[in-house]
Amino acid sequence: MLDAKLLRQNPDRMRQALSRRRESQETIDMFEQFLDEDRKWREYVAETEQLKANRNAVTQQVAQAKRNGEDAQSLIEKMRLVGDQIQALDAQIRESEQVIEDCLLRLPNLPHDSVPEGASEEENPELRRHGEAPVFSFEPKNHWDLGQLLGILDFERAAKVSGSRFVIYKGLGARLERALMNFMIDMQAGRGYEEVWPPYLVNRASMVGTGNLPKFEDDVFRVADEDFYLIPTAEVPVTNLHRDEILALEMLPINYAGFSSSFRSEAGSSGRDTRGLIRLHQFQKVELVKFTTPESSYDALEAIVEDAEAVLRALRLPYRVIEICTGDLGFKETKKYDLEVWLPGAKMYREISSCSNFEDFQARRANIRFRRTEKSKPEFVHTLNGSALALGRTMAAILENYQEADGTIRVPEVLIPYMGGVTRMGYANERI
RNA sequence: GGAGUGAUGGCCGAGUUGGUCGAAGGCGCUCGCCUGCUAAGCGAGUAUACGCUGUAAAGGCGUAUCGAGGGUUCGAAUCCCUCUCACUCCGCCA
């Protein structure tokens, strides 16, 4: 959510942002509707407040008169009418506020000046690459074939138990998932992040706080008849940890590494990535979340990218870093980098981490503030996050990059201790 | 799930026969005074949001806020309704 005052005073800044983001006409119209409603709202407010000031004054006269044992009936009669007027105006104000609030909650964030112009993901510049794509003496398999041959991924039974877009990890596959979780959390805990294991169900206010609602209702799962949503990422509960709080300056920056399952409806993506671990209704993820001062959030963003890259480097997975252009930027972000890992089976780079700065967009929605000194006014913090990493896609990358000619998978060196010393996943290990 | 109690400012805590209550008192905090230092003491101050006005900043006026929302009333922290949360007891449960 953006500052209504800023939008009112500088509407062209928003208009320009909407155009840079290639927003739909619908969104552009919504912004103009906001400006219009905001103007009306201020008129109503001025009017009703004047009436209330008058009523408050007369009310004092009534009290005074009663204390003196005088008759106040004529004053009361007059105020009865004013009361009705106020009630009618207040109702109108509430309606206006609802329209305004709804617009504000659905208007996207302003791209940072440094974000490259572009219409779509095709124009996202690649910033750098790291690691060499492995060379195979055979045709590398995709991860779902490998996983099923090894008996560590079971998509068929997952479909029976739950449905499509689910997986069951078994044996060393389950163990590898667990190893990845522990490795990634330990690694970030060693880099200054506090480990957090949040709830996987959150209330609506939390979903609105991070900007997942009201605009993206279709993307998330909701528990029937309850005010509970399955989290689409740990970002939601972890960012909302400090909702409605005023933090002391000394507490910043706050760095959390949250582990959770993530649940996504994947509405609108039917037919895409239907096989394998790339696009599931449930996957696990270690998510980095930062709360910073406004002046340090862009440095913090670079730091998050580095922390996520470090995981890929430790796992010796080839990857590249791309910067998201204005037209591909998500609803909430001012600036975003994606890390893409090389998948030999698919012969392409796939997103494995996404690191974003939201500036005060979430902080304003979730009312997360800080005070520079005890006497200074609270200011909104900046929030950021980045995946480090998505476990399912990491496993896919490991299976595809570490496969051998005989169909076995070497275990990345850093994971061997987490795998109880297992160095290779193969047919011999089937009966774990 | 059943029964009950409660929710007031940074904290504790008055106020529930509706009117002078943005809210006593205390603690904490800030500034000043005092003291050779510390402690004690004295004085002043100490919420947030929004609107209007105004400025280089500030300020001024107004409105709202006593868990949240709605209602009754000329007027609500105080009365009514709904909800949320916390605590206690019972039941159930990993």
Side-chain angles (χ1 to χ4, degrees), chain A residues 1-11 34-105 197 199-209 213-214 222-229 237 240-252 261 360 363-381:
Chain A
M1 185 163 68
L2 295 162
D3 184 7
K5 238 181 268 181
L6 173 89
L7 297 179
R8 180 190 303 153
Q9 284 164 4
N10 200 348
F34 159 79
L35 291 174
D36 195 50
E37 198 66 37
D38 178 66
R39 207 175 313 117
K40 282 196 266 180
W41 175 80
R42 277 177 298 153
E43 280 174 28
Y44 299 148
V45 166
E47 203 177 331
T48 194
E49 286 189 353
Q50 204 170 358
L51 290 173
K52 282 177 184 173
N54 178 241
R55 182 182 67 185
N56 288 344
V58 174
T59 288
Q60 291 309 308
Q61 291 172 31
V62 172
Q64 187 65 44
K66 293 226 166 177
R67 246 175 278 127
N68 297 346
E70 295 162 15
D71 178 53
Q73 207 48 43
S74 66
L75 289 174
I76 290 173
E77 292 297 332
K78 249 183 275 175
M79 282 306 103
R80 195 166 288 155
L81 214 76
V82 174
D84 291 344
Q85 284 178 300
I86 289 172
Q87 201 156 35
L89 263 173
D90 278 348
Q92 212 154 15
I93 287 170
R94 276 200 294 274
E95 259 174 62
S96 264
E97 277 172 349
Q98 210 156 8
V99 173
I100 290 166
E101 177 83 351
D102 195 59
C103 287
L104 283 176
L105 286 175
W197 200 314
Y200 296 2
L201 291 171
V202 297
N203 54 35
R204 185 178 177 86
S206 292
M207 292 289 275
V208 171
L213 291 180
R222 182 182 176 181
V223 177
D225 304 322
E226 301 280 349
D227 182 27
F228 283 137
Y229 293 82
N240 277 282
L241 237 49
H242 296 296
R243 173 150 52 86
D244 293 320
E245 289 185 15
I246 300 177
L247 309 167
L249 181 66
E250 308 82 68
M251 294 173 72
L252 303 177
S261 293
D360 63 7
R364 182 170 274 113
R365 290 171 165 251
N367 193 28
I368 307 168
R369 295 173 295 172
F370 77 103
R371 245 191 261 273
R372 291 185 190 273
T373 71
E374 275 195 52
K375 299 200 86 174
S376 48
K377 277 183 66 161
E379 299 171 51
F380 289 112
V381 299

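Residue numbers start from 1 in every chain, and the chains themselves are labelled A, B, ... in the order their sequence lines are given, proteins ahead of strands.
Protein atom NZ of A:Lys377 is 7 Å distant from nucleotide atom P of B:C50, rounded to whole Å. In this structure, A:Lys66 atom NZ and B:C74 atom P are separated by 10 Å, rounded to whole Å. Spacing between atom CD1 of A:Ile76 and atom C1' of B:U73 amounts to 10 Å, rounded to whole angstrom units. When rounded to the nearest whole Å, the span between CZ of A:Phe380 and P of B:A49 equals 8 Å. Put simply, CD1 on A:Ile86 is 8 Å from P on B:A64, counting in whole angstrom units. A:Lys52 has its NZ atom 6 Å from the P atom of B:A64, to the nearest Å. Taking atom CG of A:Asn56 as the reference point, atom P of B:A23 lies 14 Å away to the nearest angstrom. Between A:Asp90 atom CG and B:G69 atom P the separation is 13 Å, expressed in whole Å.
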Practice item. Tell me, with the steps shown, if A:Lys52 and A:Glu49 meet salt bridge (charged side-chain N to carboxylate O under 4.0 Å, His left out). Key: CA-CA 5 Å; A:Lys52 282 177 184 173; A:Glu49 286 189 353; over 6 Å; no

Review point. Hey, mind stepping through A:Asp38 and A:Arg42 against salt bridge (charged side-chain N to carboxylate O under 4.0 Å, His left out) and telling me if it holds?
Key: CA-CA 6 Å; A:Asp38 178 66; A:Arg42 277 177 298 153; 3.4 Å; yes

Exercise for review: Would you sort out whether A:Arg80 and A:Glu77 count as a salt bridge (charged side-chain N to carboxylate O under 4.0 Å, His left out), showing the intermediate values?
Suggested key: CA-CA 5 Å; A:Arg80 195 166 288 155; A:Glu77 292 297 332; 3.5 Å; yes

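Closest approach to the A:Arg369 side chain among B:G71, B:U48, B:A64 is made by B:U48 (side chain taken as heavy atoms from C-beta onward). Comparing B:U48, B:C74, B:G62 by their nearest atom to the side chain of A:Glu49 picks out B:G62. Nearest to the side-chain atoms of A:Arg94 among the listed nucleotides B:A64, B:C74, B:G71 stands B:G71. Among B:U20, B:G62, B:U48, the nucleotide with an atom closest to any side-chain atom of A:Gln60 is B:U20. For A:Trp41, counting side-chain heavy atoms from C-beta on, the closest listed nucleotide (B:C74, B:C50, B:U48) is B:C50. The side chain of A:Gln87 approaches B:G71 more closely than any other nucleotide in the set B:C74, B:G71, B:U48. When each of B:C74, B:C50, B:G62 is scored by its nearest atom to the side-chain atoms of A:Ala53, the top-ranked nucleotide is B:G62.
Mapping A:Arg55 and A:Ala63 onto RNA chain B by nearest heavy atom places A:Ala63 closer to the 5' end of the strand. When each of A:Gln64 and A:Val45 is assigned the nucleotide of RNA chain B bearing its nearest heavy atom, the one mapping closer to the 5' terminus is A:Gln64.
When the P atom is used for both B:A58 and B:C50, the distance is 15 Å, rounded to whole Å. On the P atoms, B:G60 is 16 Å away from B:G54, given to the nearest whole Å. Rounded to whole Å, the separation between the C1' atoms of B:A77 and B:A7 comes to 12 Å. One C1' atom belongs to B:A64, the other to B:C21, and the distance between them is 15 Å to the nearest Å. Atom name P, nucleotides B:A76 and B:G18: the rounded distance is 13 Å, in whole Å. Comparing the same atom, P, in B:G1 and in B:C83 gives a spacing of 13 Å after rounding to whole Å. Between B:G9 and B:G25, the distance separating the two C1' atoms is 13 Å to the nearest Å. With C1' as the reference atom, B:A68 and B:U8 are 14 Å apart, rounded to whole Å.
Base pairing of B:C37 is not made with any nucleotide, judged by Watson-Crick or G-U wobble geometry with both donor-acceptor distances under 3.5 Å. Using N1 to N3 plus N6-O4 or O6-N4 for Watson-Crick, or N1-O2 and O6-N3 for G-U wobble, each under 3.5 Å, B:A44 pairs with B:U30. Base pairing of B:G25 is made with B:C12, judged by Watson-Crick or G-U wobble geometry with both donor-acceptor distances under 3.5 Å. Remark: B:U84 base-pairs with B:A7; criterion is Watson-Crick or G-U wobble with both hydrogen-bond distances under 3.5 Å. If you check B:A94 for Watson-Crick or wobble pairing at under 3.5 angstrom, you find it has no partner at all. Pairing for B:A76 is absent, with no Watson-Crick or G-U wobble pair whose two atom distances lie under 3.5 Å. Across all strands shown, B:C50 forms a Watson-Crick or G-U wobble pair, both distances under 3.5 Å, with B:G62. In this structure, B:U17 makes no Watson-Crick or G-U wobble pair, since no nucleotide meets both defining distances under 3.5 angstrom.
For the 3.5 Å distance criterion, the side chains of A:Asn203 and A:Ser206 qualify, holding a donor opposite an acceptor. A donor-acceptor pair shorter than 3.5 Å can be found between the side chains of A:Asn367 and A:Asp244.
Among the protein residues, A:Val62 comes within range of the nucleic acid bases, having at least one heavy atom under 4.0 Å from a base atom. Across all strands, A:Lys78 comes closer than 4.0 Å to no nucleic acid atom at all (heavy-atom distances). Within the 4.0 angstrom heavy-atom criterion, no nucleotide atom of any strand lies near A:Glu43.
The 12-atom threshold is not exceeded at CD of A:Gln98, counting heavy atoms of other residues, nucleotides or ligands nearer than 6.0 Å. Counted within 6.0 Å of CZ on A:Phe228, heavy atoms from surrounding residues, nucleotides or ligands total 12 or fewer; the atom is thus considered open.
Residues A:Gly209 and A:Arg365 come closest through the heavy atom pair O-CB, 3.4 Å.
Checking the phosphate oxygens (OP1, OP2) of B:U73, no side-chain nitrogen or oxygen of A:Arg80 falls inside 4.0 Å.
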